[in-house]
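Naming: A, B, ... by sequence-line order, numbering from 1 per chain.
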Protein chains: 2
Amino acid sequence: MSTTAQPKRNTWQREAVRAALAEARGFVSAQQLHQRLRDGGSTIGLATVYRGLAGLAESGEADSLQSPDGENLFRSCSTQGHHHHLICRSCGETRELEARVVEEWAQRVGAEHGFTDMEHVVDLFGICANCRASRGAAGA
Amino acid sequence: MSTTAQPKRNTWQREAVRAALAEARGFVSAQQLHQRLRDGGSTIGLATVYRGLAGLAESGEADSLQSPDGENLFRSCSTQGHHHHLICRSCGETRELEARVVEEWAQRVGAEHGFTDMEHVVDLFGICANCRASRGAAGA
DNA sequence: CCGTTTGTTGCGAACGATTCTCATGAGTAA
DNA sequence: TTACTCATGAGAATCGTTCGCAACAAACGG
Ligand SMILES: [Mn+2]
Ligand SMILES: [Mn+2]
Ligand SMILES: [Zn+2]
Ligand SMILES: [Zn+2]
């Protein structure tokens with residue numbers, strides 16, 4: 001590395017994004033968050049929300065994933081370090097997961113096939129107990 | 001269901017997409033496949049390739065996934081039933097994977113959290129031996 | 001073989017999420 | 001406060017994908 005990681009300035013915008021994300025119950029898109037901020041009276045710009053979320057994701061303060069229709073979703077992430085999520089398809093309720101087994105499996109499989117620089121996408125989706133209860137016999 | 005699934009017509013375009021996808025080694029994007037077809041002398045349109053791939057994916061003849069940068073990738077899928085993939089980020093080379101461990105983990109975790117109707121997304125990405133070799137000391 | 005019917009194609013326009021450009025604004029340190 | 005920079009915001013630009021629609025061509029009956 002040659003770049004000397006410049007210090008980030010403190011702006012109310014950065015903090016607003018962090019706060020708004022923390023208030024969100026589950027995963028939200030940049031656009032959703034921007035809308036909520038605007039609805040709350042903020043004058044923050046969309047690009048800034050994108051930049052803020054990218055920053056939070058990069059620093060590990062937020063977790064991100066791609067929704068099935070290609071949007072990037074973010075969530076304020078309490079758990080330190082790498083982990084995965086179990087998400088309710090209906091209400092967005094999210095549980096953070098540790099997956100030692102999966103991590104090891106991913107590494108091992110990669111190695112066995114001669115692959116390096118491994119990354120993996122592991123997300124679980126389902127219907128939470130709450131949603132199941134309130135939907136009952138509605139079923140497909 | 002009330003829609004009576006209209007019969008699909010046989011066109012050389014549809015077959016061309018199927019064939020091109022079969023020839024592709026790993027996952028390819030619609031644009032890549034379109035380019036290869038054009039390079040091969042075909043006059044097929046881009047939209048038609050998109051439509052063809054969507055059809056193959058829907059009928060289960062092809063597998064699809066989102067690349068980390070948001071592109072939809074497709075692959076002619078031989079393996080029957082549920083499975084996962086290890087994909088080279090550089091050349092698209094793909095290995096089909098069985099992941100008993102992961103399947104069990106996913107089921108168990110879902111159950112432990114009271115979730116039902118579990119689904120999961122599990123994809124591994126890396127750089128294959130070939131690509132690593134041919135890139136060598138090129139570095140970032 | 002011919003005409004009718006109607007799904008299919010291909011082109012460019014339209015879309016939508018994200019990124020980029022760049023003039024202006026505001027942290028920071030002196 | 002001043003000067004130096006990075007951050008911001010509005011809109012343009014990207015870019016993958018989908019739409020709209022007129023021309024086309026399978027499928028089918030005669
Ligand atoms: Mn993991
Ligand atoms: Mn699986
Ligand atoms: Zn739920
Ligand atoms: Zn490769």
Side-chain angles (χ1 to χ4, degrees), chain A residues 3-21 24 27-59 61-75 121, chain B residues 3-21 24 27-59 61-75 87 89 92:
Chain A
T3 51
T4 317
Q6 299 138 325
K8 298 225 167 176
R9 293 178 180 176
N10 286 331
T11 64
W12 64 263
Q13 287 95 334
R14 197 185 302 284
E15 190 48 43
V17 170
R18 199 199 314 275
L21 189 63
F27 280 87
V28 289
S29 69
Q31 312 237 21
Q32 287 178 323
L33 208 63
H34 177 243
Q35 192 53 60
R36 294 185 191 181
L37 283 162
R38 297 304 274 258
D39 289 346
S42 174
T43 63
I44 193 171
L46 176 57
T48 302
V49 174
Y50 270 102
R51 289 186 282 239
L53 287 174
L56 290 176
E58 192 175 359
S59 74
E61 284 192 69
D63 222 328
S64 69
L65 59 80
Q66 297 180 35
S67 76
D69 47 85
E71 268 183 319
N72 270 338
L73 304 182
F74 299 84
R75 176 168 184 273
V121 177
Chain B
T3 51
T4 316
Q6 297 139 324
K8 298 227 168 175
R9 292 180 183 176
N10 285 331
T11 65
W12 63 264
Q13 287 94 334
R14 198 186 302 287
E15 190 48 43
V17 170
R18 199 200 313 277
L21 188 63
F27 278 87
V28 289
S29 68
Q31 313 236 22
Q32 288 177 323
L33 208 62
H34 177 243
Q35 193 53 59
R36 295 186 190 180
L37 282 161
R38 296 304 274 257
D39 290 346
S42 174
T43 63
I44 193 171
L46 176 58
T48 301
V49 174
Y50 271 104
R51 290 185 281 237
L53 287 174
L56 291 176
E58 192 175 357
S59 73
E61 285 192 68
D63 223 331
S64 71
L65 59 79
Q66 299 178 27
S67 77
D69 48 84
E71 268 183 320
N72 270 338
L73 304 182
F74 299 84
R75 176 168 185 271
I87 304 146
R89 275 194 299 275

Original post:
What residues in residues 41-57 of chain B put a non-hydrogen atom under 4.0 Å from any atom of DNA chain C?
Top reply: B:T43, B:I44, B:G45, B:A47, B:T48, B:R51

Original post:
Is there a side-chain polar atom (N or O) of B:T11 under 4.0 Å from OP1 or OP2 of C:dG7?
Top reply: no

Subject >> Closest-nucleotide 5' rank along DNA chain C - winner of B:R9 and B:R38 >> reply: B:R9

Original post:
Is there a side-chain contact (heavy atoms from CB on, under 4.5 Å) between B:R14 and B:K8 once you walk through the steps?
Top reply: CA-CA 10 Å; B:R14 198 186 302 287; B:K8 298 227 168 175; 4.1 Å; yes

**OP:** Evaluate the criterion side-chain contact (heavy atoms from CB on, under 4.5 Å) for residue pair A:V28 and A:R75; output intermediate values, then yes/no.
**Re:** CA-CA 6 Å; A:V28 289; A:R75 176 168 184 273; over 6 Å; no

Original post:
Side chains of B:F74 and B:L56: closer than 4.5 Å at any heavy-atom pair?
Top reply: no

Original post:
To the nearest Å, how far apart are A:Q32 CD and C:dA17 P?
Top reply: 10 Å

**OP:** Please state how far atom CG in B:N10 lies from atom C1' in D:dC24, giving the value in whole angstrom units.
**Re:** 16 Å

Original post:
A:Q13 CD to D:dA10 P: how many Å, rounded?
Top reply: 11 Å

Original post:
What closest approach, in Å, do B:W12 and B:I44 show between heavy atoms, and which atom pair accounts for it?
Top reply: CH2-N, 4.1 Å

**OP:** Determine the minimum heavy-atom distance between A:L73 and A:S67, stating which atoms define it.
**Re:** CD1-CB, 3.7 Å

**OP:** Would you kindly check whether a donor in the side chain of B:R14 faces an acceptor in the base of C:dT8, or vice versa, at under 3.5 angstrom?
**Re:** no

Subject >> Distance in angstrom units between A:N72 CG and D:dG16 P, rounded >> reply: 15 Å

Original post:
In whole angstrom, what separates A:D69's CG from C:dG16's P?
Top reply: 13 Å

Subject >> Atom-pair distance (CD on A:Q31; C1' on C:dT19), nearest Å >> reply: 12 Å

Original post:
Taking atom C1' of D:dA27 as reference, at what distance in whole Å does atom CH2 of B:W12 sit?
Top reply: 19 Å

**OP:** Measure the distance from CD on B:E71 to P on C:dT18 and round it to the nearest whole Å.
**Re:** 15 Å

Original post:
At their closest point, which heavy atom of A:R36 faces which heavy atom of A:A24, and how far apart are they?
Top reply: NH1-CB, 3.7 Å

**OP:** Name all pairs fulfilling the salt bridge (Lys or Arg N to Asp or Glu O under 4.0 Å) condition that reach into residues 61-73 of chain B, sequence neighbours left out, sorted by first residue then second.
**Re:** B:R18-B:E61

